[in-house]
Amino acid sequence: GAVVSQHPSWVICKSGTSVKIECRSLDFQATTMFWYRQFPKQSLMLMATSNEGSKATYEQGVEKDKFLINHASLTLSTLTVTSAHPEDSSFYICSARTASGNTIYFGEGSWLTVV
Amino acid sequence: DAKTTQPNSMESNEEEPVHLPCNHSTISGTDYIHWYRQLPSQGPEYVIHGLTSNVNNRMASLAIAEDRKSSTLILHRATLRDAAVYYCILPNYGGATNKLIFGTGTLLAVQP
């Protein structure tokens with residue numbers, strides 16, 4: 001099946017710094033990618049939808065200036081958590097939609113710990 | 001978004017079949033039914049999807065009710081590696097983007 005890769009798989013950063021997470025579709029082109037956040041023992045929460053070459057669409061309650069999303073190519077989207085705080089510590093997961101639109105594949109997730 | 005309802009948890013014994021139910025009474029005629037599962041500390045994994053007819057693949061089978069208001073994911077022989085949270089989702093086809101909104105899913109425990 002299609003492969004979506006995230007990097008890094010885990011990261012620890014200091015409070016107040018910014019951290020970037022990459023999401024790549026390895027064997028297909030993804031016009032649309034999605035970013036989720038998941039806290040322990042909770043379900044995935046959709047943060048934003050990222051379309052190649054255009055601005056991301058954020059879900060209600062998600063701060064676009066804090067979670068910067070860039071989708072510069074058909075195989076790469078990045079999420080930058082700016083001025084990270086301990087409450088931003090979470091499991092961040094990206095997904096990518098195939099050209100046919102019927103299937104969405106997920107990355108392995110990235111653990112962010114802000115200390 | 002069309003809403004889905006799943007039991008919070010289910011248990012199964014290893015090597016026995018598992019039937020995971022999902023109710024989606026507000027499904028529209030063009031909504032596909034998608035199933036994903038999430039193993040601990042991993043991203044969700046695509047399992048299967050269908051529209052009207054029953055579907056089979058190497059991982060599972062999907063049985064869709066005739067009125068499409070419910071469906072059942074069938075694992076023919078559960079293994080310990082099938083222990084995961086299973087999500088039944090009807091993608092929001094808003095505009096040109098179909099996005100997956102996750103509910104709470106069903107936590108499947110598999111006993112040896």
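Below, chains carry the letters A, B, ... as their sequence lines are ordered, and counting in each starts from 1.
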Next on the checklist: Any carboxylate oxygen within less than 4.0 angstrom of a Lys/Arg side-chain nitrogen, looking at B:R68 and B:D31?
Outcome noted: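 Looking at B:D31 together with B:R68, the answer is no, because their closest N to O distance does not fall below 4.0 Å.
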Item to check | Closest-packed option against chain B by number of heavy-atom pairs under 4.5 Å, given A:Q6, A:Q42, A:E108 | outcome: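 The option with the most such pairs is A:E108.
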Item to check | chain B neighbours within residues 83-96 of chain A, where any heavy atom lies under 4.5 Å away | outcome: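 Result: A:F91, A:I93.
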Checklist entry - Non-hydrogen atoms of chain A under 4.5 Å away: do they reach the side chain of B:E45, the backbone, both or neither? => result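 Neither part, no heavy atoms under 4.5 Å.
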Item to check | Set of residues satisfying side chain to side chain contact (heavy atoms under 4.5 Å, CB included) with respect to B:S41, sequence neighbours excluded | outcome: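 Residues passing side chain to side chain contact (heavy atoms under 4.5 Å, CB included) with B:S41: A:W111.
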Checklist entry - Going by the angle between their ring planes, with limits at 30° and 60°, are B:H34 and B:Y36 parallel, tilted or perpendicular? => result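 Judged by the thresholds at 30° and 60°, the geometry between B:H34 and B:Y36 is parallel.
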Checklist entry - Does the side chain of B:N56 come under 3.5 Å of the side chain of B:S61 through a donor N or O and an acceptor N or O? => result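 Side chains of B:N56 and B:S61: pair found under 3.5 Å.
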Checklist entry - Any ring pair (Phe, Tyr, Trp, His ring centres under 6.0 Å) pairs touching residues 54-79 of chain A, not counting sequence neighbours? => result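 Found none.
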Item to check | Interface moiety of A:E59 toward chain B, non-hydrogen atoms closer than 4.5 Å | outcome: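 Interface part for A:E59: side chain.
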Item to check | Candidate pair B:F102 and A:F106, rule ring pair (Phe, Tyr, Trp, His ring centres under 6.0 Å), full reasoning | outcome: CA-CA 13 Å; B:F102 285 76; A:F106 286 80; 5.6 Å; yes
Item to check | Pair listing, disulfide (SG to SG under 2.5 Å) test, anchored in residues 28-62 of chain A, at least two apart | outcome: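 Applying disulfide (SG to SG under 2.5 Å) to every pair that reaches into residues 28-62 of chain A, excluding sequence neighbours, yields nothing.
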